[in-house]
Amino acid sequence: MKKDMRQVNLRVEDMPARWYNIIPDLPEPLPPPEGDMTAMGKGMIKECLDQEFSPDNWIDIPEELQETYRQIGRPRPVFRATNLEKRLDTPAELYYKAEGLFSPTGSHKINTALAQAYYARKQGLERLVTETGAGQWGTALSCAARITGLAATVYWVRAVHRWKEARRLFMELYGAEVFASPSENTETGRGLLKKDPDHPGSLAIAISEGLEDALSDDKAAYVLGSVLNHVLLHQTIIGLECKKQMEAIDRYPDVVVSCLGGGSNFGGIALPFLGDALKKGTRTRFIAAQTQAAPNLQGEYRYDNADYSGITPRLKMYTLGHQKDMPPVYGDGLRYHGCSPILRLLRNKGYIDTVAYPTDEKYVFESAKVFLSEEGFLPAPESAYSIAAAIDQADECRKSGEKKVILFNVSGHGFMDMEGYRQVLQV
Ligand SMILES: *Cc1c(COP(=O)(O)O)cnc(C)c1O
């Protein structure tokens, strides 16, 4: 293939047929969860629970699920951002994976939503319950449940639910039941609303509510869109595709960048390359872009709960504290107190660098606008963080003269997030 291709894609039949499980390759075993696993274990899909602690390096993607991946547009392209390179006057080569493109709901979240819906139906379940922050996960789950033949219930962080009317309608079009969280539906929600009827909510609170709901129904499972090992596993299809795509143009990334909330899209693009760093000693730099509202990779490395009420087992993580108040940001998908156990271990071992951008979000939205002006695509607010960090890396190359190959993930499109752009950029 020509080396200066603007778009690099795989043939449909070359889509990866297995996910990569990094757990056996980690430099030390993951610290085990602490406390009572019963509630979480009972509420989860069995196959996903098995995958959570699987010792196998590779896990086959069931043929029927591969079919569905093709139905929703996989494989997805890697683009070379040539115009952006020129604008930045950088000797670096910039490549990005477009996860928002061809995604029916606009982000990478559909990759794991479909996998979880597939396993839930196989187990005979009828309803999936979840939380959502920015709304991308709730939409992806609503879509996956619908096309798999299941019902969906979504607890949506109230601060975001308020301003994303269109996205709520989108979920409801898929047939999902959507509640602003805290809600009157659960004990956790009622307790918080009593203290503050206009409580803005948080992901941790919405997780508590969803778990409470799912545990009260035998035919329901509680599903998560990030943080957990099996979610990152499903997302490795992103990085596995990228690897083949970069190989096709004879490139290997010196730097891999993405935004990190709970870690699913970062893990998705980075883990296959991190596996090389662990096994073959490759020297790729991995950079996680975060918001100062929730710089969880700079938190303390200790045991903490994944949810607000403490129903979930305690995981060893970098955490800001599970009842931490975090200022609202438009990149709400990044506003979570903890990060995936796999990534936190790798961060602790020095494999992952991090940068956190100010909560006024001017810099990241300006970066998104530069990207839009040069490459034409409107990124999701979360993806704007990834773009800002990639631009910063390209700027460093301009100063040092290094010709690095930078690969970044654009985790979603921003077609439904115009309000964020309007508010932050005053357009
Ligand atoms: C949810 C979301 C994120 C953040 O979640 P991760 O699990 O850290 O990837 C980032 N980008 C988009 C578009 C999202 O929907």
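Nothing here was measured: the structure is a model prediction, and the numbers come from that model. Start at 1 and go down the list; that is how both ligands and their atoms are numbered.
Residue Y252 qualifies as enclosed at atom OH: its count of foreign heavy atoms under 6.0 Å is above 12.
Scanning the protein heavy atoms around atom 11 (N) of ligand 1, the nearest turns out to be S411 OG, 2.7 Å. S226 OG, 2.5 Å is the protein heavy atom nearest to atom 7 (O) of ligand 1. Among all protein heavy atoms, the one lying closest to atom 4 (C) of ligand 1 is G333 O, 3.4 Å.
The shortest N or O to N or O distance between N265 and ligand 1 is under 3.5 Å. In terms of polar-atom proximity, A380 is not counted as a contact of ligand 1, lacking any N or O under 3.5 Å from an N or O of the ligand. Not a single N or O atom of C259, backbone or side chain, sits closer than 3.5 Å to an N or O atom of ligand 1. Considering both main-chain and side-chain atoms, G261 comes within under 3.5 Å of ligand 1 through a nitrogen or oxygen pair. For ligand 1, the polar-atom distance check against Q136 finds no nitrogen or oxygen pair separated by under 3.5 Å.
There is a side-chain donor-acceptor pair under 3.5 Å between R74 and N111. Looking only at atom types and distance, the side chain of Y119 has no donor-acceptor partner in the side chain of D50 under 3.5 Å away. Counting only N and O atoms by type, the side chains of T354 and R347 include no donor and acceptor under 3.5 Å apart.
Between H161 and W156, the ring planes are perpendicular. Angles over 60° get that label, and only those under 30° would be called parallel.
For atom 2 (C) of ligand 1, the choice among Q290, E382, E99, K109 with the nearest heavy atom turns out to be K109.
In this structure a side-chain-to-backbone donor-acceptor pair under 3.5 Å is present from T68 to E64. Judged by distance alone, the side chain of D60 and the main-chain N or O of P62 form no donor-acceptor pair under 3.5 Å.
If you number the atoms of ligand 1 from 1 as listed, the ones under 4.0 Å from a heavy atom of L260 come out as 8 (O). Distances below 4.0 Å separate heavy atoms of G412 from the following atoms of ligand 1: 13 (C).
By the 4.5 Å heavy-atom criterion applied to side chains, L203 and T132 are not counted as neighbours.
Ligand 1 lies within reach of H108, whose nearest heavy atom is under 4.0 Å from it. Residue A134 places every heavy atom at 4.0 Å or more from ligand 1.
Ring pair F286/F266: centre-to-centre distance not below 6.0 Å.
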